Amino acid sequence: MSLEFYVTNSAADTIDVVDSRSNKVVQVIRWYRVAPHGITFSPDGNRVYISNESENVLDVVDRMSGGILQKIPLSGHPNNIAITKDGGRVLVGIRANPGVVDVIDTRLLRRNEEHTGRWQRT
């Protein structure tokens with residue numbers, strides 16, 4: 001069984017799906033106008049979450065069909081993203097000063113919280 005990995009290409013406005021066994025691009029997703037950036041998956045693999053820099057939204061995509069299920073408005077320009085282990089929340093880094101993290105409820109498909117502040121490295 002071969003695994004696939006997804007690579008966002010913000011300069012090319014695409015997402016490449018690469019077969020891990022052959023290291024070849026097996027699919028190119030081109031429906032972005034500008035700059036897909038962060039990407040993560042639901043624990044069950046059915047949904048793909050992509051930070052869309054051109055529209056300041058988090059795109060929720062059905063992995064099998066490639067169709068957009070929802071565009072969730074964010075508080076600003078998104079960057080990298082992560083998902084909680086249980087898949088209940090997606091955390092979206094927002095480029096701002098001080099930094100902001102938007103918290104997305106994956107069940108309701110909406111932004112629930114915004115955390116702003118200065119964090120110190122430990």
Side-chain angles (χ1 to χ4, degrees):
M1 177 179 165
S2 183
L3 298 175
E4 298 173 338
F5 57 94
Y6 288 54
V7 180
T8 59
N9 299 306
S10 57
D13 303 334
T14 63
I15 297 171
D16 291 344
V17 181
V18 180
D19 177 83
S20 64
R21 182 173 290 165
S22 67
N23 287 329
K24 295 186 189 275
V25 174
V26 295
Q27 180 184 12
V28 177
I29 301 170
R30 300 183 191 279
W31 43 260
Y32 276 95
R33 286 184 290 191
V34 178
H37 194 92
I39 189 167
T40 194
F41 299 83
S42 61
D44 64 8
N46 291 328
R47 287 184 179 172
V48 184
Y49 300 94
I50 303 163
S51 60
N52 180 333
E53 293 179 321
S54 65
E55 299 177 45
N56 290 345
V57 299
L58 180 71
D59 288 330
V60 182
V61 177
D62 178 84
R63 189 170 154 262
M64 293 305 289
S65 72
I68 296 176
L69 301 172
Q70 183 81 18
K71 288 182 169 287
I72 301 171
L74 300 169
S75 66
H77 189 85
N79 209 305
N80 291 324
I81 62 179
I83 193 165
T84 57
K85 189 174 182 176
D86 67 1
R89 294 180 293 171
V90 172
L91 310 172
V92 183
I94 303 297
R95 194 170 77 189
N97 188 12
V100 175
V101 174
D102 283 356
V103 181
I104 308 302
D105 182 313
T106 60
R107 186 177 57 82
L108 300 175
L109 294 180
R110 69 175 191 202
R111 183 169 60 99
N112 273 0
E113 304 171 48
E114 176 183 312
H115 296 280
T116 306
R118 294 193 184 274
W119 296 279
Q120 293 184 355
R121 293 182 187 194
T122 57

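Values in this document were obtained by computation on a predicted structure and should not be read as measured data.
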Point-to-point distance, once rounded to the nearest 0.5 Å, from CZ of R111 to CG of D102: 4.5 Å
Do P36 and D59 have side-chain heavy atoms sitting under 4.5 Å apart? no
Are I72 and I81 grouped together when hydrophobic residues (ILVMFWY) are joined by side-chain heavy atoms under 4.5 angstrom apart? yes
When rounded to the nearest 0.5 angstrom, what distance separates CG in N9 from OG1 in T14? 4.0 Å
Which heavy atom of R89 sits nearest a heavy atom of V103, and at what distance? CD-CG1, 3.6 Å
Output the rest of the hydrophobic cluster of M64: all Ile, Leu, Val, Met, Phe, Trp and Tyr residues reachable through side-chain heavy-atom contacts under 4.5 Å, sorted by chain and number. none
Apart from V25 itself, residues in the same hydrophobic cluster as defined by side-chain heavy atoms under 4.5 Å: F5, V7, V18, V28
Using the rule side-chain contact (heavy atoms from CB on, under 4.5 Å), only one of S54, P78, S51 pairs with H37; which is it? S51
What pairs meet the ring-ring contact (aromatic ring centres under 6.0 Å, His included) rule with one or both residues in residues 38-76, with sequence neighbours excluded? Y6-F41
V100 side chain reached by S75 side chain, heavy atoms, under 4.5 Å: yes
Between D44 and S42 the two heavy atoms that sit nearest each other are OD1-OG, 2.6 Å
Inter-residue atom distance D13.CG - N52.CG, 0.5 Å rounding: 9.5 Å
Hey, any chance V60 and V92 share a hydrophobic cluster, counting ILVMFWY side chains that come within less than 4.5 Å of each other, even indirectly? yes
Are I94 and I83 linked, directly or through other ILVMFWY residues, by side chains that come within less than 4.5 angstrom of each other? yes
Taking all heavy atoms of D19 and all of R21, pick out the closest pair and write down the distance. OD2-N, 3.1 Å
To the nearest 0.5 Å, atom NZ of K71 lies from atom CG of L58 at 10.0 Å
Only one of T40, I68, I39 forms a side-chain contact (heavy atoms from CB on, under 4.5 Å) with I50, so which one is it? I39
Inter-residue atom distance R47.CZ - L109.CG, 0.5 Å rounding: 4.5 Å
Is it possible for you to say whether L74 and V90 belong to one hydrophobic cluster, with membership spreading through side-chain heavy-atom contacts below 4.5 Å? yes
Nearest 0.5 Å, please: how far is OG1 in T84 from CD1 in I104? 12.0 Å
